[in-house]
Structure formats: structure tokens, C-alpha cells
Asker: 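Here it is, the structure, as C-alpha cells.
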Amino acid sequence: MALLDRLPAARAVVLSAAGPHFCAGIELGGPGNPLAAPPGTDPVAAADGLRRAILDMQAALTAVELCRKPVIAAVHGACVGGGVDLVAACDIRYCSKDATFVLKEVDMAIVADLGALQRLPMIIGYGNTAELALTGRRITALEAKEMGLVSRVFDSKQELDAGVAKIAKEISEKSAWAVMGTKAVLLRSRDITVEQGLEHVATWNAGMMKSNDLMEAIKAFVEKRKPVFSKL
């Protein structure tokens, strides 16, 4: 994500999966199991190692949120556990009608720790988040749309991929400075009061509004043509 954040050619990012599911969750029995510690390990050292492993995984998902470019999730099939954490860190979420979402951690005697409990309440509300996190109930694509977890449900993965690619292309053709600025202001405003958010965007535009892209947008509007914005 850090590379895509800095890559001038990348104007929008799409997260999708090629297999039968978007994410089947963490493989607790695998060799990379973060809960495993060598026999005889000091309990304090094991706890510290686990904490650092969790923080590293949190940072990986937060990098999606912090990427200056818009990140769009395209979900099909099952989206389990960490997959829900991942899509919650994205800016926009779409899915196919076969998609399902579930926070499975509570059934595994684990507290979800990669961001779902922190980000979902601001996306689908506290009540919906509490119900999903405490029951481990699997929801359908239509339920996800009703809750506001996804913005649109496509009939198939093929239509999902094509539709999301079209949306990403439309975003990429807009002013990169305006798109990145809008994302930055949205994220900042989420965590502060309305008054503070208004002051923040005023300061942002005072420094960033007078770009070549603004002049090009005005000129294109007057000339009734599509604007050609500058590269990063």
C-alpha cells in the first residue's frame, strides 16, 4: 500500500480476490499461526510477541486506510473475520449477490482485534456492529447493503469486477489532488467535531485549492470538453 500511495500512475486501488472466496479468515492451525509459541517460552515473552504480532497485522490493515488513493473493496463469496477487518479499512465497498460477511472471532474465543470493532460502528452503526460481533452471525449481501456495509450488490463476480473497474476508472480520471484531499478530509472529519472538521477543510483548501487542476476544470467547463488533469 505504501508503494501504491507513492506511485504516480496509481490513482485508485481495487482489492479483490481470484479464488472462490474473498477471505476465508485466519488459518489458526497453519505454520504462520500468531497464537503459537515454541514450547518452554516465557509467558511474558510469549505475550509480548503476540502483542507485537497483532500490532503488525493492525498496521498492515491501517495502511489501506492511510493510503492517499481511494481503496475499493470488491467482495465475492465468503468474507470472514480478518476479511471484514480489511474491507472496513477500505473507502468504498461493493459485493456480488453470493457474498456473505461474518465476524467469526467470538466463536473462536477471540476478541476481534484488527479494526472491525473500531471501524464498523462508524460504517454500519454501533447496534449492527454489536450484533454481528457478539453473535457471529453470517449476513448476506442484501443484509450488508441494508446495513450500509456495501454501497451496491452486483449479480455476479463478473459484473462486480467490471462494475468496480469502471468506477475506479471514473475516479482515476478526476483530479488526483481533489480525490486525495477529499479522502484525507473525510478521514480527519470522522474523528473530530463538525466545527473542527470545517476548520480543517478550510485550512486544507486555503493551501491546496489553487491548483492547475482547478484552472483546467474551469477551462474545460467553459469549453464544454472533458478536463485533462495533471499527473502527480
Side-chain angles (χ1 to χ4, degrees), residues 1-7 10 12-17 19 21-75 78-93 101-126 128-138 144 149-150 180 183-192 196-197 200:
M1 294 309 299
L3 174 62
L4 291 171
D5 180 88
R6 291 171 175 78
L7 192 65
V13 181
V14 175
L15 287 182
S16 63
H21 301 291
F22 180 79
C23 179
I26 192 171
E27 187 180 1
L28 292 176
N33 180 7
L35 300 179
T41 302
D42 183 278
V44 174
D48 179 67
L50 177 57
R51 179 178 181 274
R52 286 186 287 109
I54 293 171
L55 290 173
D56 287 343
M57 290 187 287
Q58 289 175 347
L61 270 65
T62 297
V64 173
E65 184 176 75
L66 295 181
C67 178
R68 293 183 301 164
K69 319 296 176 59
V71 182
I72 306 170
V75 181
C79 182
V80 182
V84 179
D85 293 292
L86 177 59
V87 301
C90 295
D91 301 297
I92 311 173
R93 291 159 292 278
F101 301 83
V102 59
L103 285 172
K104 198 68 176 172
E105 286 86 349
V106 71
D107 289 335
M108 303 302 297
I110 301 172
V111 176
D113 55 11
L114 298 183
L117 300 185
Q118 290 71 38
R119 295 186 175 101
L120 282 182
M122 292 177 282
I123 298 171
I124 63 174
Y126 176 86
N128 285 327
T129 301
E131 194 232 345
L132 297 183
L134 294 172
T135 66
R137 183 173 73 85
R138 187 181 302 272
L149 179 58
V150 298
M180 292 189 299
K183 174 172 178 175
V185 170
L186 277 170
L187 286 175
R188 178 62 177 158
S189 298
R190 182 191 65 184
D191 301 323
I192 56 180
Q196 291 169 329
H200 175 72

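Index from 1, following the sequence.
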Asker: Which residues satisfy the side-chain hydrogen bond (donor to acceptor under 3.5 Å, both in side chains) test with Arg137, sequence neighbours excluded?
Answerer: Glu131, Glu143
Asker: Tell me, do Cys79 and Val84 make a side-chain contact under 4.5 Å, heavy atoms counted?
Answerer: yes
Asker: Could you name each residue pair satisfying salt bridge (charged side-chain N to carboxylate O under 4.0 Å, His left out) that touches residues 43-63, not counting sequence neighbours?
Answerer: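 As it turns out, the salt bridge (charged side-chain N to carboxylate O under 4.0 Å, His left out) pairs with a partner in residues 43-63, which skip direct neighbours, are Asp48-Arg52.
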Asker: Can you sort out the partners of Asp113 under side-chain hydrogen bond (donor to acceptor under 3.5 Å, both in side chains), two or more places apart, ordered by chain and number?
Answerer: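 Counting only residues at least two positions away or on another chain, Asp113 forms no side-chain hydrogen bond (donor to acceptor under 3.5 Å, both in side chains).
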Asker: With a 4.5 Å cut-off on side-chain heavy atoms, are Val71 and Met1 touching?
Answerer: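 Result yes, sub-4.5 Å side-chain heavy-atom pair found.
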Asker: Which heavy atom of Leu103 sits nearest to which heavy atom of Gly81, and what is that distance?
Answerer: CD2-O, 4.2 Å
Asker: Kindly indicate, with the supporting measurements, whether the criterion side-chain contact (heavy atoms from CB on, under 4.5 Å) is fulfilled by Val75 and Val150.
Answerer: CA-CA 9 Å; Val75 181; Val150 298; 5.9 Å; no
Asker: Taking all non-hydrogen atoms of both residues, which atom of Asp5 and which atom of Leu66 are closest, and how far apart?
Answerer: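 Residues Asp5 and Leu66, closest heavy atoms: OD1-O, 4.0 Å.
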Asker: State which residues pass side-chain hydrogen bond (donor to acceptor under 3.5 Å, both in side chains) with Asp91; sequence neighbours excluded, sorted by chain then number.
Answerer: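 Counting only residues at least two positions away or on another chain, Asp91 forms a side-chain hydrogen bond (donor to acceptor under 3.5 Å, both in side chains) with Lys183.
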Asker: Look up atom CG in Leu186 and atom CG in Asp191, then write down how far apart they are to the nearest 0.5 Å.
Answerer: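 Here the rounded value is 11.5 Å.
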Asker: Would you say the side chain of Leu86 lies within less than 4.5 Å of the side chain of Phe22, judging by non-hydrogen atoms?
Answerer: yes
Asker: Holding to side chain to side chain contact (heavy atoms under 4.5 Å, CB included), I want the full list of residues that pass it with Ala24, two or more places apart in sequence or in another chain.
Answerer: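 With sequence neighbours excluded, Ala24 shows a side chain to side chain contact (heavy atoms under 4.5 Å, CB included) to no residue whatsoever.
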Asker: Under 3.5 Å, is there a donor-acceptor pair between the side chain of Arg93 and the main chain of Ala73?
Answerer: no
Asker: Which atom pairs, one a donor and one an acceptor, fall under 3.5 Å between side chains of residues 117-126 and the rest of the protein, sequence neighbours left out?
Answerer:
unit_1	atom_1	unit_2	atom_2	d
Arg119	NE	Glu65	OE2	2.9
Arg119	NH2	Thr62	OG1	3.1
Arg119	NH2	Glu65	OE1	3.4

Asker: Can you name the closest pair of heavy atoms from Leu15 and Cys90 and give their distance?
Answerer: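 Closest approach of Leu15 to Cys90: CD1-SG, 3.7 Å.
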Asker: Before you tell me yes or no, could you show the steps for Leu132 and Phe101 under side-chain contact (heavy atoms from CB on, under 4.5 Å), namely the whole-Å CA-CA distance, both residues' side-chain angles and the distance that decides it to 0.1 Å?
Answerer: CA-CA 9 Å; Leu132 297 183; Phe101 301 83; over 6 Å; no
Asker: If you look at every heavy atom in Lys69 and Ala10, which pair is closest and at what distance?
Answerer: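 Closest approach of Lys69 to Ala10, heavy atoms only: NZ-O, 2.6 Å.
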